[in-house]
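Let me begin by presenting the structure, written as structure tokens, before commenting on it.
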Amino acid sequence: MGFFSRLFEGMKKTKKSFGEKLKYIFTGNDIDEDFYEELEFVLVSSDIGVETTEYIIDELRERAKKNKVKKTEDCKHLLKEILVDILSQNKPEKLGSPCVIMVLGVNGVGKTTTIGKLAKKFTDEGKKVVLAAADTFRAAASDQLEVWANRAKVKVVTNEHGVDPAAVVYDSIQAAKARNADVLLIDTAGRLHNKAVLMEELKKISRVVNKEYPEAEYHKMVIVDGATGQNAISQVELFNEAVELTDVSITKLDGTSKGGFLISLAKDFDLAIRYVGVGETADDLLDFDPKEFVDAIL
Amino acid sequence: MGMFSGLGEKLNHIFSKLAHRGKLTELEIKQAMREVRVALLEADVNFVVAKDFINKVSEKAVGEDILKSLTPGQQVIKIVKDELVALMGSTNQKLEVAPSPPTVIMLCGLQGAGKTTMCGKLGFLLKKQGKKPMLVACDIYRPAAINQLKVVAGNANVDFYEKGTQSPVKTALEAIELAKRKGLDTVIIDTAGRLQINAELMQELEEIKKAVKPTEILLTVDAMTGQEAVNVAKEFDDKLNITGVILTKLDGDTRGGAALSIKAVTGKPIKFSGIGEKLGDLEPFHPDRMASRILGMGDVLTLIEKAQESVNEEQMKKLEENIRKNTFTFDDFLVQFEQLSKIGSLSDILAMLPGTMGKFKPEDIDESRVKVYKAIIQSMTPKERANPDLIKASQRKRIAKGSGTSIQEVNQLIKQFEQVKLMMKNQNNPRMKKLMGRRFF
Ligand SMILES: Nc1nc2c(ncn2[C@@H]2O[C@H](COP(=O)(O)OP(=O)(O)O)[C@@H](O)[C@H]2O)c(=O)[nH]1
Ligand SMILES: Nc1nc2c(ncn2[C@@H]2O[C@H](COP(=O)(O)OP(=O)(O)O)[C@@H](O)[C@H]2O)c(=O)[nH]1
Ligand SMILES: [Mg+2]
Ligand SMILES: [Mg+2]
């Protein structure tokens, strides 16, 4: 099943799907203020945020004028174009080898699950994968990662509960080197971005990676729950401040949320948007595609 | 960013040209409500909910007298805030108890919302209240979910029951039987996270409900949730007729508009807030704080009220005078500490502060540190307190010794003092100064 159909499967089941809503907006009528108001509703309702919505609508007004578009139905492709343009600014590049991906984010967004899915994906691609269970805080966190590691049949480096996560990362780098691994995936504990002490811990992990594994391409990928609202921006901002993020991925888009904050993120941060989580099994991971994402919103 | 940052600032701006005292006019309200609407949307209040709310409040506000103590901008905020509190508040926050034990509490919600953690917190709370709770593992899908709950139950030192991946209905029923036999009074059922559109899994919850007839069905929602919170809450409520809501992860910096959305669509009481990952990080839900938080302004009004109740006017006048003359001293600093401790616990106050000031977290300034600072200041000579420039290296050493602290701590205090002084100097808004004089962190 493709990205688009997966996303829509969820949306179909909600009573007032955007598809319906939009059919009613993009009619053969003339563009008027009511149209823009309806559009504001659609965009804000997909968590795009007030500011970015205003930006998009202003841009649309301009392009509509320039292209002499009069009917609302002809606006649709202009609007899509605007959104796709924003989302295409930072295309992710192919991962190098060896590479390290430190996965971070707030609590419960799907970090461990995404790592489990990636372990399978990379293994299927013929890569050698090592996992680092650097969430030494949450109850049974390493057990959870071990289940995923077993499913993908990859090596996982764990340590006792409560141990310094940087120590686990150190060990996992040695293991990755010894095995000639292509990818080392580091699972970190969920943490709220406004907690200074926990952000220090991430910096420390980063220092270990930089020092012990300089030859590896180092990615710092933040995971954002697709159901998040405007707090997504604050999350990315503060994580970025702490460790200079390189990538972002979004999860749980199999639900009814649209993840519209991604548009603000693409607009305001220099991050590659890499993966989309669409379920809880190993195969429920897709490469991000701007056009398909926009199709699911509009 | 100042005291009336964000919404407050905008409203003050709108009303700045209106020096009048009297009733709010329709036009003023319309302008103000435009800003309120943006504030609500930025806080993730659902679009439709925000619209309804604005309409309702506008009607209320027309013709209202502007209180003597407030500006028109503050008056609007007060009306909006009071209405938010009224909407989100509820007297029904206690956990219901079944007429004959055990009371059964079932948690449900989306994936990763914080259900398992919350089961532990509730168990811990009940145990502290002298009850005998048992946690039951009915999440048979997520890897290591059962083990997670087991660890949590162990930490909370409460009973735990699991039956692997057998049907959750069966496990729940067995657990209740066992609880009866063991004389336990509360059974807390942890369920798997699920999307509200997943018919099969929603059906599973309905079956558990039918079998065990829970006293409480609590929908657990991540406070960072966006616009879809309404559909999630509505669907869970339609299927299960939930009895209440728990908001988690309120220790973050989310504005938490989902709280209003959920209350608006379900009408069910919000019973608890999760404010951290540890077992004790659980609070009753505070509608008042939530309202200010949604409006993006900290709990300013409560704070003003609290401060006014507890502050010694005489001292405050002198303090304001000193701030104005820029002769803020360690004595003033100490007065502030004392005022702070009268107003309430420091972490409470920090949580209420908007803007930059609210960014100081309890981790940075906890109450034990306040005690340390007090000791340090009291070890300074009156001259040093009045003229901090006198405190050089040798004085610092003496002060550290005298107060039983370290030089680092003395340095830290002096640094903080300088920062506060600078902050005050930079505030040219007299109102701001006045408020800052009352709490500078
Ligand atoms: N529906 C759905 N659930 C997901 C997705 N990704 C993760 N989850 C679920 O979200 C919950 C939290 O995931 P986890 O990986 O433990 O989050 P972490 O705390 O960030 O490591 C689990 O119940 C996962 O099964 C997704 O893309 N879709
Ligand atoms: N900061 C914070 N984290 C929380 C809170 N409640 C739960 N968590 C974290 O959120 C993540 C998901 O929690 P969990 O209980 O596994 O969610 P579940 O999937 O709904 O059972 C874990 O990392 C928890 O430690 C809270 O109130 N504050
Ligand atoms: Mg995890
Ligand atoms: Mg759970």
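All figures in this text were calculated on a predicted structure; none of them were measured in a lab. Letters go in sequence order (proteins before strands), and every chain restarts at 1.
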Problem - A:Asp254 side chain reached by B:Leu195 side chain, heavy atoms, under 4.5 Å - result: yes
Problem - Which atoms of B:Arg255 approach chain A - backbone, side chain, both or neither, heavy atom under 4.5 Å - result: neither
Handout entry: Contacting moiety of A:Phe137, where chain B heavy atoms sit under 4.5 Å
Key = side chain
Exercise for the section: Measure A:Val44 against the heavy atoms of chain B and call it side chain, backbone, both or neither at under 4.5 Å. Expected result: both
Fill in the blank from the handout: Scanning both residues in full, the closest heavy-atom pair of A:Lys252 with B:Gln111 reads NZ-O, 2.8 Å
Exercise for the section: In plain terms, say whether B:Lys51 and A:Glu37 are close enough for a salt bridge, that is, a side-chain N and a carboxylate O under 4.0 Å apart. Expected result: no
Practice task
Considering non-hydrogen atoms only, spot the tightest contact between B:Val152 and A:Ala139 and give its length.
Solution key: CG2-CB, 4.2 Å
Completion exercise
Turns out that what part of A:Val109 lies under 4.5 Å from chain B's heavy atoms comes down to neither
Practice task
Taking the side chain as every heavy atom from C-beta outward, state whether A:Glu280 and B:Tyr141 have any atom pair closer than 4.5 Å.
Solution key: no
Exercise for the section: Assess the side chains of B:Asn147 and A:Asp143: does a donor N or O sit below 3.5 Å from an acceptor N or O? Expected result: yes
Practice task
For the residue pair A:Asp225 and B:Met224, establish whether any side-chain heavy-atom pair is separated by less than 4.5 Å.
Solution key: no
Exercise for the section: Give a yes-or-no answer on whether the side chains of A:Asn231 and B:Asp44 include a donor-acceptor pair shorter than 3.5 Å. Expected result: no
Practice task
Let me know if A:Glu40 has heavy atoms under 4.5 Å from chain B in its side chain, its backbone, both or neither.
Solution key: both
Practice task
Can you tell which part of B:Arg194 gets under 4.5 Å to a heavy atom of chain A, answering side chain, backbone, both or neither?
Solution key: neither
Exercise for the section: Please check if any side-chain donor atom of B:Asn231 sits under 3.5 Å from a side-chain acceptor atom of A:Thr256, or the reverse. Expected result: no
